[in-house]
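Below is one structure, written out as structure tokens; comments come after it.
As the structure is a computational prediction, the values presented were derived from the model and not from experiment.
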Amino acid sequence: MKKFILACCLLSLFAVEGMAQSYAFGVKGGMTVGFQRWNNGERDPLIGYHGITFIETAPEGNEFALFAQLGYHLKGGAIRQRRFTFLSNQTNSEVTVPARTDRYEFHNLSLTLGGKQKYDFRTNTKVYYLIGIRGDYTFTTNLDEYEDLNNNLGSLFYPVNAFVREFNFGATIGGGFEFLITDLISGIVEITVNPDFSRQYMQPPLQNVIDPFNPGNSRTIPELNLSNNTLELTVGLRFLHEIEYIDTVFW
């Protein structure tokens, strides 16, 4: 046993330090275009924004890198109604309805884990693609804005928070450019598509609901479910933390 401990001590004297790998971290953000699919059709795009912090491995050359990122993302869809005029049967006169936009906003925290492959493009510039899996937590929405309208109509004409799913999952797929600003700082220009695989909103069929367009009658509201997809245009900064390998020998 004493010989074994002595051998280990001798080997430790010649150990090579600095086995840790270099890594990079940074911040990025930009514009989000949200696309929301309802079970009865698409909705108009919703213009929003996002902000992300990230960390990734930084192997030498263009070897495959792993990354993790956490960010805020505004998702959802919209219904845009143009201004129009119609003839009222009651007053026998024209009535103008102003233009209106209903925004359905879902504010999410997203955690994404994935990989990135880079290629040399030009001097001090690389092009890359990335793919990852994503988990989302919806911490708030703007659906409270439509509660009064639902109450006035006596019907669930607009979505309500009771049927919002807080946890969802999906994928992130995209690519971009990385260009050197200094030896340790790079700029990023990136575009990603972020489809959800789960439903952001699930409302079962509702029976015996007052029909706001035919007072005194009731109707059944069919099932309503929706899912999100986003197109994100992103710019950011990447900071490299280099680990130098130093051979240390003790005599």
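Using a 4.5 Å cut-off between side-chain heavy atoms of Ile, Leu, Val, Met, Phe, Trp and Tyr, with links allowed through other members, F139 and F106 fall into different hydrophobic clusters. Under the 4.5 Å side-chain heavy-atom criterion for Ile, Leu, Val, Met, Phe, Trp and Tyr, V189 and V127 are members of distinct hydrophobic clusters. Hydrophobic clustering (side-chain heavy atoms under 4.5 Å, transitive across Ile, Leu, Val, Met, Phe, Trp, Tyr) keeps F179 apart from L240. Cluster membership for V164 and W38, using ILVMFWY side-chain heavy atoms within less than 4.5 angstrom, is shared. Cluster annotation: M31 is not connected to I52 through the hydrophobic network of ILVMFWY side chains, with a link wherever side-chain heavy atoms come within less than 4.5 Å.
For the atom pair D144 CG and N161 CG, the distance stands at 5.0 Å (nearest 0.5 Å). With values rounded to the nearest 0.5 angstrom, T230 atom OG1 is found 7.5 Å from D196 atom CG. Atom-to-atom distance recorded for Q117:CD and L130:CG is 11.5 Å, nearest 0.5 angstrom. Between atom CG of residue N124 and atom OG1 of residue T182 there is a gap of 10.5 Å, rounded to the nearest 0.5 Å. Atoms CD1 and CG, from I191 and L231 in turn, are 4.5 Å apart once rounded to the nearest 0.5 Å. Note that the CG atom of N228 and the CG atom of N108 stand 7.0 Å from one another [nearest 0.5 Å].
Listed by first and then second residue, the ring-ring contact (aromatic ring centres under 6.0 Å, His included) pairs involving residues 220-243 are Y23-H241, F25-F239 (not counting sequence neighbours). Sequence neighbours left out, the pairs with a member in residues 173-188 that pass salt bridge (Lys or Arg N to Asp or Glu O under 4.0 Å) are K118-E178, E178-R238.
Although no hydrogens or angles enter the test, the distance criterion places a donor-acceptor pair under 3.5 Å between the side chain of R134 and the main chain of P195. Panel note: side chain R37, backbone L226; no donor-acceptor pair is recorded below 3.5 Å. Between the side chain of T172 and the backbone N or O of G132 there is no donor-acceptor pair closer than 3.5 Å.
Across all non-hydrogen atoms, the minimal contact from N229 to V193 is OD1-CG1, 3.7 Å. When all heavy atoms of A24 and A58 are compared, the pair lying nearest together is N-CB, 4.2 Å. Closest approach of E63 to P59, counting heavy atoms only: O-CG, 3.5 Å. Residues L46 and K75 share a closest heavy-atom pair of CD2-O, 3.7 Å. When all heavy atoms are compared, the tightest approach of R199 to N168 is O-OD1, 2.8 Å. Smallest separation of non-hydrogen atoms from V33 and P45: CG1-CB, 3.9 Å.
Side-chain contact between E147 and V160 is absent, with no heavy atoms from C-beta onward closer than 4.5 Å. No side-chain heavy atom of T57 sits less than 4.5 Å from a side-chain heavy atom of K116. No side-chain heavy atom of E223 sits less than 4.5 Å from a side-chain heavy atom of P204. Within the 4.5 Å cutoff, the side chain of R103 has heavy atoms near those of the N142 side chain. In this structure the side chain of Y137 reaches within 4.5 angstrom of the side chain of F167, judged on heavy atoms. Taking 4.5 Å as the limit, some side-chain heavy atom of E190 sits within range of a side-chain heavy atom of Y128. Here the side chains of T112 and F54 are not in contact, with every heavy-atom distance at 4.5 Å or above. Looking only at side-chain heavy atoms (C-beta outward), Y104 and L143 come within less than 4.5 Å of each other.
Aromatic ring orientation, H107 versus Y72: parallel (interplanar angle below 30°, classes split at 30° and 60°). A perpendicular orientation is assigned to the rings of F163 and Y201, their planes being inclined by more than 60° (bins at 30° and 60°).
The one candidate from T138, T141, N225 that meets the side-chain hydrogen bond (donor to acceptor under 3.5 Å, both in side chains) condition with Q200 is T138.
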Using the side-chain contact (heavy atoms from CB on, under 4.5 Å) rule, take N194 and T32 through it: C-alpha gap first, then chi angles, then the decisive distance, then the call. CA-CA 10 Å; N194 309 275; T32 300; over 6 Å; no

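With sequence neighbours left out, F121 forms a ring-ring contact (aromatic ring centres under 6.0 Å, His included) with F177.
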